[in-house]
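Reading through the structure tokens given below for one structure.
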Amino acid sequence: MTQRQLGVNIDHVATLRQARGTDYPNVIDAAKMAQAAGADLITVHLREDRRHIQDRDVVALAEVLEIRLNLEMAVSDEMIDLACRLVPSDVCLVPEKRAELTTEGGLDVVTGFEQIREATAKLHQAGCRVSLFIDPSAEQIEAANAAGAKVIELHTGDYANAQGHQRQAALDRLCQASQVAQAFGLQVNSGHGLTLANVQPVAAIEGMRELNIGHAIVSRAVFVGLAEAVKEMRQAIESA
Ligand code: PXP
């Protein structure tokens with residue numbers, strides 16, 4: 001079985017800082033703590049409205065991290081230029097709507113094909129590994145492969161929000177999507193809405209490689225501390 005990796009998303013450490021315009025809690029210290037506690041990569045979403053992570057955070061993280069930095073960003077010229085300058089090891093292209101609370105739904109690679117294909121090529125040329133954040137649909141996976149991506153991240157929001165039979169159905173869709181993607185030779189990651197209570201069935205999907213988890217880890221850190229919250233999530237993933 002392939003080793004599952006944990007990407008710790010620290011956006012909401014920055015949310016807390018931005019809520020008061022202070023210089024604490026320190027996002028870089030949080031990243032270092034997550035790294036020491038066993039995170040395989042640090043994930044941040046530089047949103048166009050800069051509601052949590054700021055440009056200076058991404059610059060500093062790219063300099064200090066010993067593990068991989070996964071930059072989630074919209075497919076815009078501004079973000080692509082920034083990523084080509086900073087060259088984080090990983091870029092995850094995500095859809096973005098200004099008024100949304102969080103990333104709602106995956107990237108529509110079918111509709112935005114040409115723009116996403118060009119962005120993927122530019123980012124590959126700069127030296128970033130490119131992942132496309134998509135819903136678990138065969139049509140989107142096929143388009144992601146045609147656009148040149150080597151990695152997809154399956155949006156697990158529907159699974160996380162569903163109950164009972166619907167949750168099982170959503171899990172089945174993730175399993176099928178993972179198989180379709182692997183048949184194309186794509187690496188399969190997942191993320192969104194994953195918690196200690198719901199992560200294991202996703203981590204157990206055949207071929208699942210990386211799980212990017214933020215809100216649940218930072219929330220849990222309020223009670224047990226960030227290092228412990230990261231360790232707990234790692235353990236849950238490893239024992240899935
Ligand atoms: N993966 C992607 C592509 C995301 O956009 C997000 C949210 O920023 C996450 C993972 C993490 O989601 P959550 O904070 O719900 O764990």
Side-chain angles (χ1 to χ4, degrees), residues 4-16 18 27 30-31 34 39-54 57-58 61 68-76 79 83 88-98 100-109 116 119-120 123 128-136 140 144 149 151-162 170 174 177 181 187-200 202-203 208-222 226 229-230 232-234 236-237:
R4 270 77 171 141
Q5 300 208 318
L6 172 61
V8 175
N9 179 316
I10 55 168
D11 290 351
H12 297 303
V13 175
T15 300
L16 207 51
Q18 297 307 113
V27 167
D40 296 293
L41 57 148
I42 297 296
T43 297
V44 289
H45 185 174
L46 184 65
R47 294 189 72 102
E48 294 190 313
D49 62 11
R50 307 299 198 269
R51 69 175 70 159
H52 40 53
I53 293 294
Q54 305 295 306
D57 298 323
V58 185
L61 288 168
R68 287 161 39 220
L69 173 63
N70 177 29
L71 176 62
E72 294 173 357
M73 56 179 228
V75 191
S76 69
M79 290 296 159
S89 58
D90 299 72
V91 169
C92 181
L93 296 177
V94 302
E96 213 175 284
K97 297 189 207 101
R98 262 174 204 259
E100 69 190 357
L101 279 180
T102 181
T103 316
E104 294 163 2
L107 205 55
D108 186 347
V109 190
I116 293 168
T120 303
L123 291 162
C128 304
R129 191 186 73 166
V130 181
S131 162
L132 303 183
F133 187 47
I134 56 175
D135 289 324
Q140 293 297 334
V151 184
I152 56 162
E153 179 169 327
L154 294 173
H155 195 306
T156 50
D158 280 352
Y159 160 79
N161 293 332
L174 290 167
Q187 175 175 319
V188 183
N189 302 340
S190 61
H192 206 91
L194 296 176
T195 66
L196 267 185
N198 69 20
V199 72
Q200 289 194 315
V202 175
M208 187 56 66
R209 287 284 290 279
E210 289 173 17
L211 294 100
N212 284 300
I213 307 177
H215 189 261
I217 292 178
V218 174
S219 300
R220 180 78 180 142
V222 171
L226 183 60
V230 170
E232 282 179 350
M233 193 60 83
R234 261 220 77 92
I237 289 172

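Atoms within a ligand are numbered from 1 in the order they appear, just like the ligands themselves. None of the values given here were measured: they were computed from a predicted structure.
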Structural part of D11 in contact with ligand 1, heavy atom criterion under 4.0 angstrom: side chain
So if I count the atoms of ligand 1 from 1 in the order they appear, which ones are less than 4.0 Å from some heavy atom of I213? 16 (O)
Flag for E153-H192: side-chain donor and acceptor within less than 3.5 Å: no
Note: heavy atom closest to atom 2 (C) of ligand 1, options H192, H215, M233, E72, belongs to E72
Return yes or no for this condition: an N or O of G193 is under 3.5 Å from an N or O of ligand 1. yes
Please list, chain by chain and in numerical order, all residues satisfying side-chain hydrogen bond (donor to acceptor under 3.5 Å, both in side chains) with N189, sequence neighbours excluded. Q187, E210
Charged N to carboxylate O below 4.0 Å: is that the case for D40 and R234? yes
Can you tell which part of E153 has a heavy atom less than 4.0 Å from ligand 1: side chain, backbone, both or neither? side chain
How far does CZ of R220 sit from CG of L226, to the nearest 0.5 angstrom? 12.5 Å
For A221 versus A229, what's the shortest heavy-atom pair and its separation? N-CB, 3.9 Å
Using a strict 4.0 Å cut-off to heavy atoms of V94, name the atoms of ligand 1 that fall inside it. 3 (C)
N212 heavy atoms, cut-off 4.0 Å: which ligand 1 atoms fall inside? 10 (C), 11 (C)
For D158, give me all partners under salt bridge (charged side-chain N to carboxylate O under 4.0 Å, His left out), at least two apart in sequence or on another chain. none
